[in-house]
Amino acid sequence: MAAEREPPPLGDGKPTDFEELEDGEDLFTSTVSTLESSPSSPEPASLPAEDISANSNGPKPAEVVLDDDREDLFAEATEEVSLDSPEREPILSSEPSPAITPVTPTALIAPRIESKSMSAPVIFDRSREEIEEEANGDIFDIEIGVSDPEKVGDGMNAYMAYRVTTKTSLSMFSKSEFSVKRRFSDFLGLHSKLASKYLHVGYIVPPAPEKSIVGMTKVKVGKEDSSSTEFVEKRRAALERYLQRTVKHPILLQDPDLRQFLESSELPRAVNTQALSGAGILRMVNKAADAVNKMTIKMNESDAWFEEKQQQFENLDQQLRKLHASVEALVCHRKELSANTAAFAKSAAMLELLSDYIRLIAAVKGVFDHRMKCWQKWEDAQITLLKKRETEAKMTVANKPDKIQQAKNEIREEIEEWEAKVQQGERDFEQISKTIRKEVGRFEKERVKDFKTVIIKYLESLVQTQQQLIKYWEAFLPEAKAIA
Amino acid sequence: MEEHQEAGKEIKPSSTLVDLQGDSSLQVEISDAVSERDKVKFTVQTKSCLPHFAQTEFSVVRQHEEFIWLHDAYVENEEYAGLIIPPAPPRPDFEASREKLQKLGEGDSSITREEFAKMKQELEAEYLAIFKKTVAMHEVFLQRLAAHPTLRRDHNFFVFLEYGQDLSVRGKNRKELLGGFLRNIVKSADEALITGMSGLKEVDDFFEHERTFLLEYHTRIRDACLRADRVMCSHKCLADDYIPISAALSSLGTQEVNQLKTSFLKLAELFERLRKLEGRVASDEDLKLSDMLRYYMRDSQAAKDLLYRRLRALADYENANKALDRARTRNREVQPAESHQQLCCQRFERLSDSAKQELMDFKSRRVSSFRKNLIELAELELKHAKASTLLLRNTLVALKGEP
């Protein structure tokens with residue numbers, strides 16, 4: 001069996017990996033065309049693009065245990081990949097063996113009618129160094145603002161259009177400053193495209209702000225009262241934070257869909273985000289199916305890191321929810337207080353951050369779920385392979401003439417196929433695990449920064465409020481003394 | 001229901017509400033109060049060197065209904081028609097906090113033990129505060145009566161203070177309550193009628209002015225009282241909100257492993273302290289502002305009542321005049337009409353005089369009390385604001401200092 005595999009190019013020469021990757025570009029474009037013809041293979045795929053930036057974080061030399069122990073692995077189905085084994089990546093993209101069919105993810109989700117506006121080759125316009133530099137995080141030179149909500153249209157067909165302004169010095173954008181008009185469903189469309197492409201590979205895609213039928217209807221109906229302006233303002237702030245989080249992610253930043261969203265003046269209308277559309281209902285059904293699936297999969301979690309992290313995130317989620325509820329009560333009461341005393345309510349900002357994070361954590365959980373699914377597929381593939389082998393063995397034992405030979409050959413082919421699938425499943429699983437680890441690390445860092453900044457801002461605003469209070473009371477005091 | 005023993009010595013809020021002339025010949029105070037199930041029993045202690053009393057120091061136990069009885073006795077007494085009768089103390093009402101305590105007891109399991117303990121503490125403090133307040137109200141009522149040169153000599157008052165046994169004043173039964181209610185309606189209708197009567201001219205500018213002022217004032221102060229109550233409530237809710245926030249933050253903090261840990265813990269501490277501060281702000285506001293407003297709302301109502309009585313007397317006087325004229329023209333029963341008219345005239349004049357005095361007293365009392373309370377309120381608010389600024393600044397420095 002091992003002979004049928006090409007030995008993976010385990011080199012120390014990292015640049016060579018990258019060169020292979022460049023070959024992988026062509027592979028990629030060719031597969032785009034194969035994709036059109038074979039749309040329904042439900043395998044999780046890996047985008048070479050991600051490998052590029054993931055590698056740029058300093059690939060370290062490490063052993064790859066896997067290939068040598070392939071057979072053991074098939075028997076035990078335990079994984080022992082160390083965290084730092086970036087050599088795996090080149091294998092995936094550069095092996096042009098026909099057994100591997102890297103399929104772009106858009107094909108994966110057959111029911112989703114995403115527009116195939118994914119122009120894959122565009123990703124590789126940039127040189128490797130640029131990519132590495134930018135993906136290193138600190139030199140993020142892109143600023144996004146969402147402003148100027150205006151009402152477009154009338155009655156129930158009205159919507160709010162927001163101006164999305166981008167200021168950047170990144171070369172992947174054609175201009176350094178530009179702005180476009182987008183509506184809420186455009187944002188949702190962007191999110192669903194990004195999610196469908198990246199979630200199942202293990203990246204944490206920031207969640208989009210939630211729909212609110214009540215709020216939107218109020219705006220549509222044209223009530224110019226403070227609650228609808230508040231709603232629009234909240235939504236605008238939420239959209240801005242969403243975009244900022246998305247571009248902070250080095251991988252997502254390079255996605256062509258994101259760029260199209262930021263740059264092009266006309267965007268194909270994302271109809272699937274309507275609450276009551278066919279796609280919406282399908283999404284709900286899928287969600288339900290997922291939930292059931294989750295309950296039935298009993299994953300043999302062999303990696304303690306994941307278990308610990310998942311537990312951590314569960315706890316964090318609960319805590320944040322509780323905190324969120326309390327802060328909501330605080331906001332409510334402060335609002336009452338301010339209505340009664342004409343002061344200001346600053347805890348709303350805290351609230352915003354908390355609800356954002358609750359949803360982010362849900363996204364993280366989603367990523368973990370995908371990993372589980374990946375694992376399951378791998379398991380299935382292994383089981384099928386085993387069965388096929390058994391059949392083959394039985395046949396050899398049975399020892400019948402010609403007809404059997406043909407059948408045997410068929411079985412042989414099938415076995416080869418399934419072996420490949422198993423390998424693929426395994427590789428994908430590892431890939432996703434690795435990606436998740438990195439993502440979680442990045443997420444944590446971001447989280448710490450985020451929380452700190454918001455907390456500091458909140459406290460500072462509290463200080464300000466108190467100081468103003470002091471001013472007012474000091475002014476009042478002499479007047480009180482003058483009462484006669 | 002728990003029993004709360006109150007050593008009334010510390011309670012001396014009467015001086016903040018009412019400026020009493022330090023007349024020491026009759027000193028009344030509520031030295032003790034006990035809350036039993038539905039009732040509160042006050043121990044009224046009197047110190048007096050008046051010859052009327054049998055001893056110089058004595059005390060009795062009274063309940064709320066007996067206070068009301070005393071008040072009504074004053075109101076119904078014709079002799080005091082020209083005086084502002086101090087408003088009756090409000091009924092002790094623990095319903096709200098009792099409910100909250102109960103709800104907390106049934107409570108949900110999502111709150112941790114520390115949270116529960118803290119909330120229970122808060123509620124108990126609230127209960128205690130209400131209790132103290134009601135004792136103070138009753139005391140102020142008695143003390144104003146004792147300070148007033150005319151009212152203190154009332155026989156009923158003496159009985160109230162001295163009679164050792166239960167005054168067996170039952171609470172008003174439904175008929176009496178209804179009667180009282182109807183009487184109020186009649187009174188306001190009457191008032192409207194009198195003022196609407198064309199023939200009735202206010203002879204004295206002073207009273208005219210006072211009347212309009214009082215009416216306006218009363219409504220305004222009622223509004224202000226409501227709003228102050230709402231502000232105080234919000235402040236309290238705010239302070240209570242900090243409890244779960246602080247608890248959630250500290251559990252988040254214990255869970256975290258990175259730099260956020262210390263930040264969260266510090267935040268939790270901050271919120272805990274902020275909570276105490278806010279709580280104090282709320283209670284200060286309550287004491288200085290709301291209580292004062294409430295008291296003067298009732299007092300101004302009493303003043304309005306006085307004015308009404310005077311007006312009524314004036315109307316009677318006018319009627320008597322007319323009757324006299326009629327009698328004179330008919331030349332029958334002139335004598336009784338005349339004496340009746342005389343009576344009314346005297347009454348009216350007496351009322352006017354004392355009313356004038358009373359109203360001026362009222363005004364000065366009111367002004368000085370407002371002044372005092374508002375100054376104290378402003379100073380306290382300043383103190384709290386400064387304290388919380390300091391607290392926040394310290395936490396900010398600590399947070400920023402960390403990597």
Side-chain angles (χ1 to χ4, degrees), chain A residues 308 312 315-316 318-341 343 347 350 354 444-445 447-452 455-484, chain B residues 110-111 227-249 251-252 255-260 263-264 267 270-271 274 367-368 370-393 395-396 399-400 402:
Chain A
E308 187 193 308
Q312 223 181 1
N315 285 346
L316 189 61
Q318 268 178 347
Q319 306 277 3
L320 277 184
R321 271 186 215 277
K322 244 191 356 173
L323 190 58
H324 178 85
S326 322
V327 177
E328 233 175 4
L330 181 68
V331 170
C332 242
H333 285 134
R334 268 205 200 270
K335 277 214 186 109
E336 268 178 44
L337 180 65
S338 63
N340 295 331
T341 53
S347 29
M350 270 282 248
L354 287 177
E444 292 272 311
K445 259 196 283 177
R447 184 162 71 94
V448 170
K449 252 197 300 178
D450 247 351
F451 264 90
K452 260 243 173 116
I455 288 176
I456 290 187
K457 243 196 283 182
Y458 173 61
L459 287 183
E460 279 175 352
S461 66
L462 274 184
V463 171
Q464 243 186 344
T465 320
Q466 291 295 338
Q467 285 187 314
Q468 280 199 304
L469 267 179
I470 288 184
K471 230 187 351 174
Y472 290 140
W473 281 110
E474 275 177 354
F476 175 71
L477 199 53
E479 289 191 26
K481 291 204 170 123
I483 295 180
Chain B
S110 66
I111 43 177
R227 288 214 203 103
D229 268 346
R230 254 186 265 150
V231 170
M232 198 234 355
C233 234
S234 311
H235 257 305
K236 261 222 110 241
C237 287
L238 205 63
D240 282 343
D241 277 340
Y242 281 134
I243 298 183
I245 291 185
S246 163
L249 278 173
S251 58
L252 259 177
Q255 212 207 353
E256 288 280 338
V257 292
N258 52 19
Q259 311 99 304
L260 272 186
S263 312
F264 274 140
L267 261 188
L270 167 71
F271 276 119
L274 270 183
V367 165
S368 70
F370 262 75
R371 181 168 185 275
K372 183 150 183 244
N373 278 314
L374 286 176
I375 291 180
E376 282 177 11
L377 179 65
E379 284 173 354
L380 278 172
E381 291 265 358
L382 268 175
K383 190 171 84 155
H384 290 316
K386 287 198 180 128
S388 60
T389 314
L390 194 62
L391 196 61
L392 286 168
R393 282 235 174 87
T395 320
L396 262 177
L399 274 182
K400 280 191 183 152
E402 283 166 35

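Residue numbers start from 1 in every chain, and the chains themselves are labelled A, B, ... in the order their sequence lines are given, proteins ahead of strands. The figures here come from the full heavy-atom set of this structure, side chains too, leaving out hydrogens, waters and symmetry mates.
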Check Trp473(A) against Leu382(B) and note the closest heavy-atom contact, atom names and distance. CB-CG, 3.7 Å

Is Tyr472(A) atom OH crowded by more than 12 heavy atoms from other residues, nucleotides or ligands, each under 6.0 Å away? no

Do the charged groups of Glu474(A) and Lys386(B) touch, with an N to O distance under 4.0 Å? yes

Calculate, to the nearest 0.5 Å, the distance between atoms [atom1] and [atom2] belonging to [X] and [Y] respectively.
| X | Y | atom1 | atom2 | value |
| --- | --- | --- | --- | --- |
| Glu381(B) | Phe476(A) | CD | CZ | 10.0 Å |
| Leu377(B) | Leu477(A) | CG | CG | 10.0 Å |
| Leu392(B) | Gln467(A) | CG | CD | 10.0 Å |

Answer with side chain, backbone, both or neither: which region of Leu270(B) has an atom nearer than 4.5 Å to a non-hydrogen atom of chain A? side chain

Would you find a donor on one side and an acceptor on the other, under 3.5 Å apart, between the side chain of Arg371(B) and the backbone of Lys481(A)? yes

